[in-house]
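Presented below is the structure to which this report refers.
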Amino acid sequence: MKNILFPFLVGLLILSGCQSKPDAIKKEIPNIKSQVKNDKQIISVSSLTTILQKPEIPVLCYHRIRTILPGDGNNMKTYSVTPEAFAQQMKALSDNGFHTILPAQLEEYLTHNAKLPSKPIMITFDDTREEQFNIGASEMKKYGFKGIFFIMTISINRPKYMTKEQLKSLSDYGNVIGAHSWDHHMVTKYEGEDWENQLTKPKKKLEDIIGKPVNYFAYPDGIWNQAAITQIQKNGYKLAFILSTKRDSTQPLYTIRRIIVAGTWSTPGFMKAIQSSFNK
């Protein structure tokens, strides 16, 4: 009798245990979900904090590479670097051990802690000027430098501006093509169809020309607002660049700082500005 009852009792215990497990699991599930949610929130805040704590990478911004003329006003002198000065600046960067990086590398550094080469620097050009191709890119090639060219699509193929073929050549060599709006209107003044005309269509046009995604945007005049950032994100841009004003603490990927290389700088002044303009 004992031999019969013992297996029966064991079976009842096993059956009871199996029936109780789903209830225990159900009770635990909300706690797991809550923990995952909390972890995501912690990661998000931590990532933003980490980005802001990282040393800024120097980003240079060039506009014109041309001879300074006697009648040039202060604005033209600021935005124009002579071909001789540009050549000296590229040589100085190389002699001092700088290595150019591209936006994808910067994004990985900021968001995933990717390693960068020693003394990284980014060289950018605004406004599509032809001398950026003929002088700028040619001079950078001597040192294996690569840059980012932000293009106003209204200017493509116009006299003294770059052609589609030149843009494709820059991209094929390993430079990056970015958008700089259609006609250089400030993003703070966009409304209605402006967003499509200034952000969406230029991106597609440039992608059709170079056969690659266009993921980066430079604000005309370096001026931005939150509405523009929202639209830039909707259009699939991964980074956006301002000028020397302070980056935004809540949107550091869409307010990346650059300094305009002034035509009045000496080469030592140029090197000093790189060291003093970005947090370490």
Side-chain angles (χ1 to χ4, degrees), residues 57 59-63 65 90 99-112 114 116-117 120-185 187 190 193-220 228-242 253-254 256 258:
I57 304 303
V59 185
L60 307 178
C61 177
Y62 289 94
H63 288 82
I65 305 174
M90 295 302 103
H99 299 87
T100 56
I101 66 166
L102 296 175
Q105 292 171 278
L106 179 63
E107 183 188 4
E108 285 298 304
Y109 161 74
L110 291 173
T111 60
H112 296 102
L116 295 175
I121 196 165
M122 189 177 291
I123 302 174
T124 72
F125 300 84
D126 287 3
D127 299 349
T128 329
R129 291 286 182 172
E130 189 176 32
E131 69 259 21
Q132 297 171 1
F133 177 86
N134 294 332
I135 301 172
S138 297
E139 195 64 37
M140 289 196 300
K141 272 186 184 182
K142 296 178 182 179
Y143 307 100
F145 291 165
K146 300 212 170 43
I148 304 91
F149 296 79
F150 290 109
I151 307 302
M152 298 183 300
T153 50
I154 193 175
S155 61
I156 298 171
N157 290 333
R158 289 190 173 186
K160 299 183 181 180
Y161 290 89
M162 283 190 267
T163 64
K164 291 180 180 180
E165 292 73 23
Q166 288 170 328
L167 295 178
K168 182 72 163 58
S169 176
L170 286 171
S171 177
D172 289 347
Y173 182 71
N175 297 286
V176 170
I177 302 300
H180 195 39
S181 80
W182 175 56
D183 62 357
H184 210 270
H185 273 59
V187 298
Y190 294 175
E193 294 182 354
D194 291 336
W195 299 110
E196 182 178 2
N197 294 332
Q198 302 285 357
L199 297 180
T200 310
K201 290 182 178 179
K203 187 178 192 292
K204 185 178 187 308
K205 182 171 184 176
L206 292 170
E207 289 175 340
D208 289 343
I209 291 171
I210 65 174
K212 299 175 185 176
V214 171
N215 295 324
Y216 313 107
F217 184 83
Y219 301 99
I229 290 179
T230 300
Q231 293 295 330
I232 286 167
Q233 291 171 330
K234 285 182 179 179
N235 276 276
Y237 293 100
K238 295 182 178 180
L239 301 174
F241 294 76
I242 59 175
L253 298 180
Y254 292 89
I256 295 173
R258 304 184 289 167

| task | List the atom of Ala179, the atom of Val214, and the distance in Å for their closest heavy-atom pair. | result | N-CG1, 4.0 Å

| task | Only counting residues at least two apart or in another chain, list the ones meeting ring-ring contact (aromatic ring centres under 6.0 Å, His included) with Tyr161. | result | none

| Looking at residues at least two apart in the chain, or sitting in another chain, which of them share a salt bridge (charged side-chain N to carboxylate O under 4.0 Å, His left out) with Asp172? | Lys168

| Do Met140 and Met90 have side-chain heavy atoms sitting under 4.5 Å apart? | yes

| Derivation and outcome, side-chain contact (heavy atoms from CB on, under 4.5 Å), residues Ile256 and Ile242 | CA-CA 6 Å; Ile256 295 173; Ile242 59 175; 5.9 Å; no

| said: Would Tyr219 and Ile229 count as a side-chain contact (heavy atoms from CB on, under 4.5 Å) here? Give the steps. | reply: CA-CA 10 Å; Tyr219 301 99; Ile229 290 179; 3.4 Å; yes

| task | I would like to know whether His63 and Phe125 meet side-chain contact (heavy atoms from CB on, under 4.5 Å); could you show each step before the answer? | result | CA-CA 6 Å; His63 288 82; Phe125 300 84; over 6 Å; no

| Can you name the salt bridge (charged side-chain N to carboxylate O under 4.0 Å, His left out) partners of Lys201, sequence neighbours left out? | none

| query | Are Gln198 and His185 side-chain neighbours, meaning at least one heavy-atom pair lies under 4.5 Å? | reply | yes

| said: Could you go through Thr200 and Trp195, starting from their C-alpha distance and side-chain angles, then the distance that decides it, and tell me whether this counts as side-chain contact (heavy atoms from CB on, under 4.5 Å)? | reply: CA-CA 7 Å; Thr200 310; Trp195 299 110; 5.8 Å; no

| task | Kindly indicate whether the side chain of Ile151, heavy atoms from C-beta on, has any atom under 4.5 Å from the side chain of Ile156. | result | yes

| Could you state the interatomic distance from CG (Leu116) to CG (Leu106), rounded to the nearest 0.5 Å? | 7.5 Å

| said: For Thr128 versus Ser155, what's the shortest heavy-atom pair and its separation? | reply: OG1-OG, 3.0 Å

| By ring-ring contact (aromatic ring centres under 6.0 Å, His included) - contacts of Tyr109 (at least two apart) | none

| Quick one: does Glu131's side chain have a donor or acceptor within less than 3.5 Å of a partner on Ile65's backbone? | yes

| task | State, with a plain yes or no, whether a side-chain heavy atom of Ile177 is found less than 4.5 Å away from one of Ile209. | result | no

| query | Looking only at atom types and distance, does a side-chain atom of Tyr62 sit under 3.5 Å from a main-chain N or O of Gln132, one as donor and one as acceptor? | reply | no

| query | Do Thr163 and Asn157 meet the criterion of a side-chain donor-acceptor pair at a distance under 3.5 Å? | reply | no

| field | Sequence-distant partners of Lys234, side chain to side chain contact (heavy atoms under 4.5 Å, CB included), two or more places apart | value | Thr230, Gln231

| message | Please enumerate all residues that pass side chain to side chain contact (heavy atoms under 4.5 Å, CB included) together with Glu107, with sequence neighbours excluded. | response | Thr111, Tyr216, Lys238, Leu239

| field | Residues in salt bridge (charged side-chain N to carboxylate O under 4.0 Å, His left out) contact with Glu139, at least two apart in sequence or another chain | value | Lys142

| By ring-ring contact (aromatic ring centres under 6.0 Å, His included), which residues pair with Phe133, not counting sequence neighbours? | none

| For the side chain of Lys212 and the backbone of Ser171, is there at least one donor-acceptor N/O pair under 3.5 Å apart? | yes

| task | Would you indicate whether the side-chain heavy atoms of Phe217 and Leu199 approach each other to under 4.5 Å? | result | yes

| task | Compare every heavy atom of Leu167 with every heavy atom of Ile210, then report the nearest pair and how far apart it is. | result | CG2-O, 4.0 Å

| Between Val187 and Ala228, what is the shortest heavy-atom contact and its length? | CG2-CB, 3.6 Å

| field | Side-chain (Ser169) to main-chain (Glu165) donor-acceptor, under 3.5 angstrom | value | no

| request: List for me each residue that meets salt bridge (charged side-chain N to carboxylate O under 4.0 Å, His left out) alongside Glu207, sequence neighbours excluded, and say none if there are none. | output: Lys203

| Which pair of non-hydrogen atoms, one from Asp126 and one from Ala218, has the smallest distance, and what is that distance? | OD1-CB, 4.3 Å

| Ile232 CD1 to Leu253 CG distance, which is reported to the nearest 0.5 Å | 12.5 Å

| Got a sec, which residues hit side chain to side chain contact (heavy atoms under 4.5 Å, CB included) with His184, two or more places apart in sequence or on another chain? | Asp127, Met152, His180, Ser181, Pro220, Asp221

| field | Sub-4.5 Å side-chain heavy-atom contact between Ile121 and Ile57 | value | no

| message | Holding to ring-ring contact (aromatic ring centres under 6.0 Å, His included), I want the full list of residues that pass it with Trp182, two or more places apart in sequence or in another chain. | response | none

| field | Heavy-atom side-chain contact between Phe149 and Val176 under 4.5 Å | value | no

| note | Contacts of Thr124 meeting side chain to side chain contact (heavy atoms under 4.5 Å, CB included) (sequence neighbours excluded), chain-then-number -> Val59, Cys61, Met122, Ile148, Phe150, Arg258

| message | Counting C-beta onward and ignoring hydrogens, is there a side-chain heavy-atom pair between Arg129 and Met162 closer than 4.5 Å? | response | no

| note | Heavy-atom nearest pair, Leu102 first then Gly147, reads CD2-O, 3.9 Å

